[in-house]
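Since the structure comes first, as C-alpha cells, the remarks are kept for the end.
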Amino acid sequence: MVEDVPRRATDLLSPQEIKALTRASDLHGFLATFTTWGLIVAALVIPALVPHPAVILASVLILGGRQLGLAILMHEAAHRSLFRTRWINDFVGYWMGGVPIWQRLEGYRLHHRRHHARTNTEADPDRALSAPFPVTPASLVRKFARDAVGLTGLRRMFGQLLMDLGIIEYSVAPPVERADPSERTPATMAAGLARHTLPFVAFNVALWALAYALGAGWVWLLWFGAYLTSFSAFIRMRSIAEHACTSPSENPFLNTRTTRANLLAKLTVAPHGVNYHLEHHLLPTVPAHQLPALHRL
C-alpha cells in the first residue's frame with residue numbers, strides 16, 4: 001500500500017545516524033576533485049601519445065563522463081557537502097566544478113533547492129527533463145542522435161549565453177522564462193558576460209594554450225567535442241535514471257529512483273555516487289562518499 005511507504009529519513013534513521021551521515025569531509029572532497037581532474041588529464045594526455053581512433057573515441061566518452069562528474073561536484077558544493085570548510089566548498093564548486101562546464105554555483109544552488117522542494121511535481125523546475133518519458137523508441141533515437149551530433153550541446157550553449165546576457169532566467173531545463181527587460185541594460189549585459197561567460201572562455205583558451213605548448217593543441221577538440229556530444233547524452237541518461245516514469249508524488253520513495261552502477265557507469269553516467277539518488281533526496285546534505293552507507297541502512 002502506498003500509505004505504508006515511508007516519507008522521510010527520520011521514519012527510518014535515528015538522529016545519531018543522520019548526524020554521522022551528514023558530516024562533510026575536506027579529505028573526501030579533495031579526493032573526489034583530484035580523481036575527477038586526474039581522469040580528465042589522462043583522457044587528454046593518452047590520445048596525444050596514442051592518437052588511435054579507438055583511443056580518441058574512448059577519450060571523448062570518458063571526458064563526457066568527467067564533465068558530468070564536474071557537474072556533480074558543483075551539485076555537491078551547492079548542497080555544501082563537497083567540503084566541510086565552507087570557503088573551499090564554494091571555491092572548488094565554482095572554479096573546478098562549474099566554470100569548466102559553463103555553470104554558476106549560486107544560480108544552480110537556488111534553482112536546485114526548488115527541485116528538491118517540489119520534486120517531480122508541476123512546480124519542479126527540472127520536471128521537463130523527465131516528464132516526456134516514456135517515449136517511443138523512435139523518439140528516443142532522435143533525442144540521442146541530437147546529442148551525438150552536437151545539436152543538444154549547441155542549444156545548451158546558446159541558452160547559457162542568453163542567461164548570461166540576462167535575456168532569460170537561469171535554469172537547467174525548459175521551459176524558458178524571459179527575464180524582465182526593464183532590468184537589462186548594456187552595462188548589466190556586459191557584466192553578465194564578464195562574470196559568467198568570460199571564465200568559461202578563459203578556461204578553454206588556457207586549456208588549448210597548454211595543450212599547444214606541449215605540442216598537442218588538437219586534443220582541446222576532444223574536450224570541446226565531448227562537451228557538445230557525450231556530455232549531453234550522459235546528462236539525458238542521468239535525468240531518465242533519476243526521475244523518469246516515477247510517481248508525481250512529493251514522497252521521495254515514490255518520485256525518485258536509485259540505480260545500480262558498475263565501473264563503466266561510474267565513469268560515464270553515475271559519477272560520485274549520484275546513482276544513489278533516492279538516498280540523496282531523503283537526505284540532500286549527505287556527502288557523496290556516505291551515500292553507499294545510507295543506501296545500506
Side-chain angles (χ1 to χ4, degrees), residues 7-10 13 18-19 21-24 29 32 68-99 101-131 156 159-160 163-164 166 168-180 183 192 195-196 235 238-239 241-244 246-258 271-288 290-291 294:
R7 297 188 61 86
R8 54 189 65 86
T10 52
L13 303 175
I18 292 174
K19 182 178 180 180
L21 287 165
T22 53
R23 184 179 178 86
L68 180 58
L70 297 180
I72 303 306
L73 289 180
M74 183 190 70
H75 165 265
E76 289 289 296
H79 285 288
R80 296 192 168 95
S81 59
L82 181 58
F83 288 87
R84 183 170 178 80
T85 304
R86 182 66 59 88
W87 74 265
I88 301 177
N89 180 86
D90 288 357
F91 180 88
V92 173
Y94 177 74
W95 288 105
M96 301 187 73
V99 165
I101 56 171
W102 203 352
Q103 278 292 330
R104 57 181 89 162
L105 177 61
E106 281 304 322
Y108 178 79
R109 180 177 281 150
L110 293 173
H111 175 95
H112 195 61
R113 284 174 183 168
R114 298 197 301 273
H115 166 63
H116 274 273
R118 295 290 182 266
T119 305
N120 220 30
T121 67
E122 292 300 326
D124 183 354
D126 290 352
R127 179 157 170 72
L129 296 174
S130 58
R156 184 178 65 248
Q160 284 294 143
M163 284 186 273
D164 292 354
I168 62 175
E169 297 288 352
Y170 177 87
S171 180
V172 299
V176 172
E177 292 185 21
R178 288 189 171 274
D180 185 353
E183 299 180 359
R195 183 179 179 186
H196 302 303
I235 291 173
R238 187 70 255 143
S239 298
E242 290 170 356
H243 299 292
T246 61
S247 169
S249 165
E250 293 193 14
N251 184 344
F253 281 96
L254 302 176
N255 65 26
T256 307
R257 179 186 298 111
T258 280
H272 306 304
V274 72
N275 55 295
Y276 294 109
H277 211 63
L278 167 58
E279 291 78 7
H280 170 65
H281 272 257
L282 279 175
L283 286 173
T285 56
V286 171
Q290 292 278 44
L291 287 173
L294 176 55

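Proximity of Thr10 to Ile18: side-chain heavy atoms (C-beta onward) are separated by under 4.5 Å at one or more points. Between Glu279 and Thr258 there is a side-chain heavy-atom pair separated by less than 4.5 Å. Contact check for His116 versus His281: side-chain heavy atoms found under the 4.5 Å cut-off. Using a 4.5 Å cut-off on side-chain heavy atoms (C-beta onward), Arg195 and Arg104 make no contact. For the pair Ser249 and Asn120, the minimum side-chain heavy-atom distance is 4.5 Å or more.
One distance of note links CG of Leu82 with CD1 of Ile72; it measures 11.5 Å at 0.5 Å rounding. Put simply, NE2 on His280 and OG on Ser81 are 7.5 Å apart, with the number rounded to the nearest 0.5 Å. Atom OG1 in Thr285 sits 8.5 Å away from atom NE2 in His79 (nearest 0.5 Å). Taking CD of Glu169 as the start and CE of Met163 as the end, the distance is 10.5 Å to the nearest 0.5 Å. One distance of note links OH of Tyr170 with CD of Gln160; it measures 6.5 Å at 0.5 Å rounding. Atom CE of Met74 sits about 5.5 Å away from atom CD1 of Ile101, to the nearest 0.5 Å.
Within a 6.0 Å sphere centred on CZ of Phe91, heavy atoms belonging to other residues, nucleotides or ligands number 12 at most. Other residues, nucleotides and ligands contribute only 12 or fewer heavy atoms inside 6.0 Å of the CZ atom of Arg23. Residue Arg118 qualifies as open at atom CZ: its count of foreign heavy atoms under 6.0 Å is 12 or below.
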Item to complete: Might you work through the side chain to side chain contact (heavy atoms under 4.5 Å, CB included) test for Gln103 and Leu70, ending with a clear yes or no?
Response: CA-CA 10 Å; Gln103 278 292 330; Leu70 297 180; over 6 Å; no
Exercise for review: Decide yes or no on side chain to side chain contact (heavy atoms under 4.5 Å, CB included) for His243 and Thr256, but give the supporting numbers first.
Suggested key: CA-CA 5 Å; His243 299 292; Thr256 307; 3.2 Å; yes
Q: Show your working on side chain to side chain contact (heavy atoms under 4.5 Å, CB included) between Glu250 and Thr121 and close with a plain yes or no.
A: CA-CA 7 Å; Glu250 293 193 14; Thr121 67; 3.7 Å; yes
request  = Would you check, one step at a time, whether the test side chain to side chain contact (heavy atoms under 4.5 Å, CB included) holds for Leu13 with Leu282?
outcome  = CA-CA 11 Å; Leu13 303 175; Leu282 279 175; over 6 Å; no
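Side-chain N or O atoms of Asn89 include one that pairs as donor or acceptor with a backbone N or O of Ala77 at under 3.5 Å. Between the side chain of Thr85 and the backbone N or O of Trp87 there is no donor-acceptor pair closer than 3.5 Å.
The two residues Pro125 and Ala173 come nearest to each other via the heavy atoms O-CB, 3.7 Å. For Ser239 against Ser130, the heavy-atom pair with the smallest separation is O-CB, 4.2 Å. Heavy atoms only, all atoms of each residue included: Ala128 and Pro174 are closest at CB-O, 3.0 Å. When all heavy atoms are compared, the tightest approach of Ala179 to Gly166 is CB-O, 3.1 Å. Minimum heavy-atom separation, Gly29 to Phe83: C-CZ, 3.3 Å.
Among residues two or more places apart in sequence or in another chain, the salt bridge (Lys or Arg N to Asp or Glu O under 4.0 Å) test is passed with Arg238 by Glu242. Considering only residues two or more places apart in sequence or on other chains, Arg127 meets the salt bridge (Lys or Arg N to Asp or Glu O under 4.0 Å) condition with Glu122.
Ring centers of His272 and His75: at least 6.0 Å apart, outside the cut-off.
In this model, no donor atom of one side chain and acceptor atom of the other lie less than 3.5 Å apart for Tyr276 and Gln290. Side chain to side chain, His115 and His111 fail the donor-acceptor criterion of an N or O pair below 3.5 Å.
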